[in-house]
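Below is one structure, written out as structure tokens; comments come after it.
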Amino acid sequence: MFSTRVFFKAVSSLAALALVSCQMPAPQVAQPQAGYGGPFMLGVDVLASRGFDLLRGKRVGLITNHTSLTARGERTRTVFQQALGANFTALYAPEHGIDGNIGAGIHVSTRRDSVTGLTVYSLYGPTRKPTPAMLAPIDVLVFDLQDIGCRSYTYISTMIVAMEAAAENGKQFVVLDRPNPLGGWRVEGPPLEAKWKSFVGQVPVPYVHGMTAGEIAMMACSRGWVSRVPRLDVVKMQGWQRGMTWQDTGLRWHPTSPNIPHSISPFYYVTTGILGGAAAVDIGIGTEEPFGYAGGSGVNPNALLAYCQRLNTPGVTFSPYSKNGFGGVRIHMSPRNTTDLTALDVLLLAEINRLSGGKVVSRMSGSKLNLFNKVYGSESLYSDLRRGVPATSIIARWQGWNQSFRSQRQRFLLYP
């Protein structure tokens, strides 16, 4: 039995503010006109304040869903159609579909959008990368999705393969930037090994990277994470800072997918997302707080609670629960918590595996184990837990790499 003290360490250096492109010379940052939208503005609002200058006279396609809204709550695709008219020619939908109501891992169909009348090409079906035929109606492809800041969430993967397709087909690519709900300082978790690159891990960033979509797009171009580099423009937000929680933006939260219903949900996703890929576990899917539970089949909830209470988890508390043969803890946290949540995920997994007599890990096989390794970024976690390597030793291996990544990402950061 052991206890651990894993702390989230904030980076104190400030980020560069200029809009950067993957081409030289770099384009000018899109600055808002005075008096538009208040002190906080999303990338889409900044673009609107400039009269959609990056898109004028071009045929435009939009990667979009129900989270693609202006600060005033208007759909990005509606605003685009009003501003661009017949030049707004195509829509593209990621996992969960354009309305965000399709379950995880379920294919999305190409269909006609009831709001705009445009074709919505599926980027989560037979292909996840736009084909030349899908891109034929456009000159510029715009990305405007609300990500949650975790590597295994597929919206960034959609962006990366779409960037490659845009480059291969001679299309401009524009990212309308949005906040990272986990904030901009949190960097946690294991690296992604090249062998395990997949749609739940498309770029070699930590499990929690602390970057916005626009920042990742620029880093991907510079670091060779895309097979071909498009002409890229990132439209910055106004007023976002790396230490902000979602509540600080004043924006309403719209569930990014069925199991991310609340603005706090991305924090829970990080805390139990890896655990949830194991066997005979419960993370609360189907409850009012998906990812807010950590339990296992036959686990004594009081034993797991006692373990969790010995951990140092600032801003995170636990309570016992038992249902349907599963026992464990409910997790309660503040968005201001300073706990290393990815480390907590692995600690919970290791202890639940121990309390279950090893069933959690030993019963994984085939496609389940393959997906588990893809999410984690390597097969090392599975191997280490099978061999009885302490979770604290597993976590310790990340720390040097995380620090190196903080340095590597620095020149791509757009916000202080």
Side-chain angles (χ1 to χ4, degrees), residues 6 8 11 94-95 104-105 124 128-129 145 147-164 180 182 184-229 266 269-278 340-347 349 364 367-385 389 391 393-413:
V6 184
F8 166 66
V11 180
E95 184 178 13
Y124 200 81
R128 297 181 183 182
K129 181 176 183 177
L145 297 176
D147 186 50
I148 69 167
C150 181
R151 185 181 67 209
S152 63
Y153 208 68
T154 60
Y155 292 172
I156 292 298
S157 296
T158 294
M159 181 184 75
I160 292 295
V161 298
M163 287 171 63
E164 293 178 340
N180 184 327
L182 298 175
W185 292 127
R186 189 180 287 271
V187 175
E188 305 170 357
L192 172 68
E193 295 178 2
K195 174 184 176 182
W196 293 101
K197 179 180 176 181
S198 73
F199 213 66
V200 292
Q202 192 68 201
V203 289
V205 298
Y207 192 65
V208 175
H209 47 70
M211 300 177 75
T212 66
E215 292 170 339
I216 289 180
M218 294 188 303
M219 192 170 184
C221 288
S222 179
R223 300 300 296 269
W225 298 346
V226 287
S227 59
R228 289 186 62 178
V229 174
Y269 180 94
V270 170
T271 307
T272 63
I274 296 170
L275 166 66
D340 184 327
L341 299 178
T342 311
L344 179 58
D345 196 337
V346 172
L347 290 162
L349 171 59
M364 284 194 292
S367 60
K368 188 174 190 67
L369 177 57
N370 185 58
L371 181 59
F372 179 83
N373 290 339
K374 286 176 178 178
V375 168
Y376 186 74
S378 80
E379 65 267 39
S380 65
L381 179 58
Y382 172 76
S383 174
D384 286 342
L385 292 176
V389 175
S393 298
I394 296 170
I395 294 161
R397 293 183 201 145
W398 309 335
Q399 305 310 317
W401 188 81
N402 285 174
Q403 192 57 45
S404 175
F405 179 80
R406 289 187 184 100
S407 299
Q408 293 168 19
R409 74 174 191 159
Q410 192 64 34
R411 67 189 179 97
F412 305 104
L413 302 185

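All values below were derived from every heavy atom in this structure, side-chain atoms included, with hydrogens, water molecules and symmetry-related copies excluded. The shown structure was predicted, so the numbers you read here are calculated from the model rather than taken from an experiment.
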(request) For side-chain contact (heavy atoms from CB on, under 4.5 Å), just list the numbers for Leu385 and Met364, CA-CA rounded to whole Å, side-chain angles, deciding distance to a tenth of an Å, and then say yes or no. (result) CA-CA 12 Å; Leu385 292 176; Met364 284 194 292; over 6 Å; no
On a heavy-atom basis, the closest approach of Val375 and Ser152 is CG1-CB, 4.0 Å
- Is there a side-chain contact between Glu193 and Glu379, using heavy atoms and a 4.5 Å cut-off? yes
So SG of Cys221 and CD1 of Ile160: to nearest 0.5 Å the spacing works out to 7.5 Å
Rounding to 0.5 Å, atoms CG (Leu341) and CZ (Arg186) come to a distance of 4.5 Å
Rounded to the nearest 0.5 Å, the OH atom of Tyr382 sits from the CG atom of Leu349 at a distance of 12.0 Å
So CG of Asn180 and CD of Glu215: to nearest 0.5 Å the spacing works out to 8.5 Å
Please report the C-alpha distance between Val161 and Gln202 in whole Å, then the side-chain angles of each, then the deciding distance to 0.1 Å, and finally whether the side-chain contact (heavy atoms from CB on, under 4.5 Å) criterion is met.
CA-CA 9 Å; Val161 298; Gln202 192 68 201; 3.7 Å; yes
- prompt: How are the rings of Tyr155 and Tyr153 set to each other: parallel, tilted or perpendicular (split at 30° and 60°)?
  reply: perpendicular
In short, Thr342 meets Pro190 closest at the heavy-atom pair CG2-CD, 4.1 Å
Closest heavy-atom pair, Leu275 versus Asp345, reported as atoms and distance to 0.1 Å, is N-OD1, 2.9 Å
Separation between NZ (Lys374) and CG (Leu192), nearest 0.5 Å, reads 11.5 Å
With no hydrogens and no angle check, is any side-chain donor or acceptor of Arg406 less than 3.5 Å from a backbone partner on Val187?
yes
side-chain contact (heavy atoms from CB on, under 4.5 Å) with Leu413: of Met211, Met219, Met218, only one passes, and it is Met211
Between the CD atom in Gln403 and the CD atom in Gln399, the distance rounded to the nearest 0.5 Å is 9.5 Å
Scanning both residues in full, the closest heavy-atom pair of Arg151 with Val203 reads CD-O, 3.8 Å
Which of Thr271, Val208, Asp147, Ile148 passes side-chain contact (heavy atoms from CB on, under 4.5 Å) with Pro266? It is Ile148
Next item on the list: Show the numbers, then the answer: is there a side-chain contact (heavy atoms from CB on, under 4.5 Å) between Phe412 and Ile216?
Entry: CA-CA 8 Å; Phe412 305 104; Ile216 289 180; over 6 Å; no
On a heavy-atom basis, the closest approach of Pro94 and Leu145 is CG-CD1, 3.7 Å
Apply side-chain contact (heavy atoms from CB on, under 4.5 Å) to residues Thr154 and Val200 and explain how you reach the verdict.
CA-CA 6 Å; Thr154 60; Val200 292; 4.2 Å; yes
Distance-only donor-acceptor check, side chains Arg411 and Ser222, under 3.5 Å: yes
Residues Pro206 and Trp401: closest non-hydrogen pair is CG-CZ3, 3.1 Å
Any donor-acceptor pair under 3.5 Å linking the side chain of Arg409 with the backbone of His209?
-> yes
Flag side-chain contact, heavy atom, 4.5 Å: Leu347 against Ile395:
yes
- Query: Under the 3.5 angstrom rule, does the side chain of Arg128 hit a backbone N or O of Ser157 as a donor-acceptor pair?
  - Reply: no
Distance-only side-chain donor-acceptor flag, Thr158 / Tyr124, under 3.5 Å:
no
Fill in: Between Glu188 and Trp398: side-chain donor-acceptor atoms closer than 3.5 Å
no
